[in-house]
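Worth knowing before you read on, the calculation uses all heavy atoms, side chains too, and leaves out hydrogens, waters and symmetry mates. The model shown is predicted, which means the values in this text are computed figures rather than measured ones. Ligands are counted one by one from 1 in listed order, and the atoms in each one are counted from 1 as well.
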Amino acid sequence: MATLIDGKLISAKIKEDIKAKIEELKAKNITPGLAVILVGEDPASTVYVRNKEKMCGELGIKSEVYRLPESTTTSELLDLIDKLNENKAIHGILLQHPVPSHIDEYAAFNRISPKKDVDGFTDVNIGKLVIGKDTFVSCTPNGILAMLKHENVDISGKHCVIVGRSNIVGKPMSSLMLKENATVTICHSKTTNLTEITKQADILIVAIGKPKFITKDMVKKDAVVIDVGINRIDGKLIGDVDFDNVKEVASKITPVPGGVGPMTMVMLMSNTIKASTL
Ligand code: GUN
């Protein structure tokens, strides 16, 4: 039976470290500042943004939230980003994804100064990550790596299989795990022999957005299973992994909720602190 990787507990510990760092910065008259831009009224995004604002408040990070109407144009959004790039009190800029489809999201993300790109979404920072340079790393993959390290999971030489190839999770995760000397395989919706591959995983990271997609027969005995999925079914949050059955074969597993989720936000706070010292 797997032991639980408790994201709430691990993130609470990291939060304490962050608080201590903020105190040190305050002694030097630096107050980390984060600008969050939300365009439109996507319900999940609205909740995420509110939670980010709340955590900034708890930790003593100055947050400015820009709630823009659905009708905002690309050019209006780029103008706001330009202003925030120039604003010395703002160290990090986060544009909540997704933005309405009429906006050029790629252009908007890349308008953020790489020095303020606490999401690690700009081409510059993604490029740095791929070649193994120190940079801002996308918060969810960074949180997953922090969890694995906290749990003393051996990564070097192990086979890490990532299910999902998104720019936010799957792709940056693969670069991070390569840097940690894992052998990395990325699977996705067009992979034909999925079970054959997931069965080889020592570390299985799933971010495919399909509830209970990974079943017990797809997991090797004693694998470490990380579930990034957040699927809302009848008001309940369900992961991409069939938790109740997979926990019988895995050695460690993250729950949903209370696994990867709480880690993402503390990594954002940690990136904001880093930005305030650049
Ligand atoms: N939407 C879902 N996850 C994220 C994230 O990590 N960053 C941003 N900006 N938007 C998101």
- Message: Please list all pairs meeting ring-ring contact (aromatic ring centres under 6.0 Å, His included) that have one or both residues in residues 111-144, counting only residues at least two apart or in different chains.
- Response: F109-F121
- Kindly write out the residues that satisfy salt bridge (Lys or Arg N to Asp or Glu O under 4.0 Å) with K158, not counting sequence neighbours, or none if the list is empty. none
Can I get a per-line list of side-chain donor-acceptor pairs under 3.5 Å for residues 1-10, giving both atom names and the distance, sequence neighbours left out?
residue : atom : partner : partner atom : Å
T3      : OG1  : S251    : O            : 3.4
D6      : OD1  : K8      : N            : 3.0
D6      : OD1  : L9      : N            : 3.1

- Message: Between E16 and K19, does any side-chain N to carboxylate O distance fall below 4.0 Å?
- Response: yes
Enumerate, one pair per line, all nitrogen or oxygen atoms of ligand 1 lying under 3.5 Å from a protein nitrogen or oxygen, stating the separation to 0.1 Å; write 'none' if no such pair exists.
residue  : atom   : partner : partner atom : Å
ligand 1 : 1 (N)  : Q96     : NE2          : 3.2
ligand 1 : 1 (N)  : H97     : O            : 2.9
ligand 1 : 7 (N)  : D119    : OD1          : 3.1
ligand 1 : 7 (N)  : D119    : OD2          : 3.3
ligand 1 : 9 (N)  : L95     : O            : 2.7
ligand 1 : 9 (N)  : D119    : OD2          : 2.6
ligand 1 : 10 (N) : H97     : N            : 3.0

- Could you tell me whether D242 and K216 have a side-chain N and a carboxylate O separated by less than 4.0 Å? no
- Salt bridge flag under 4.0 Å for residues D134 and K274: yes
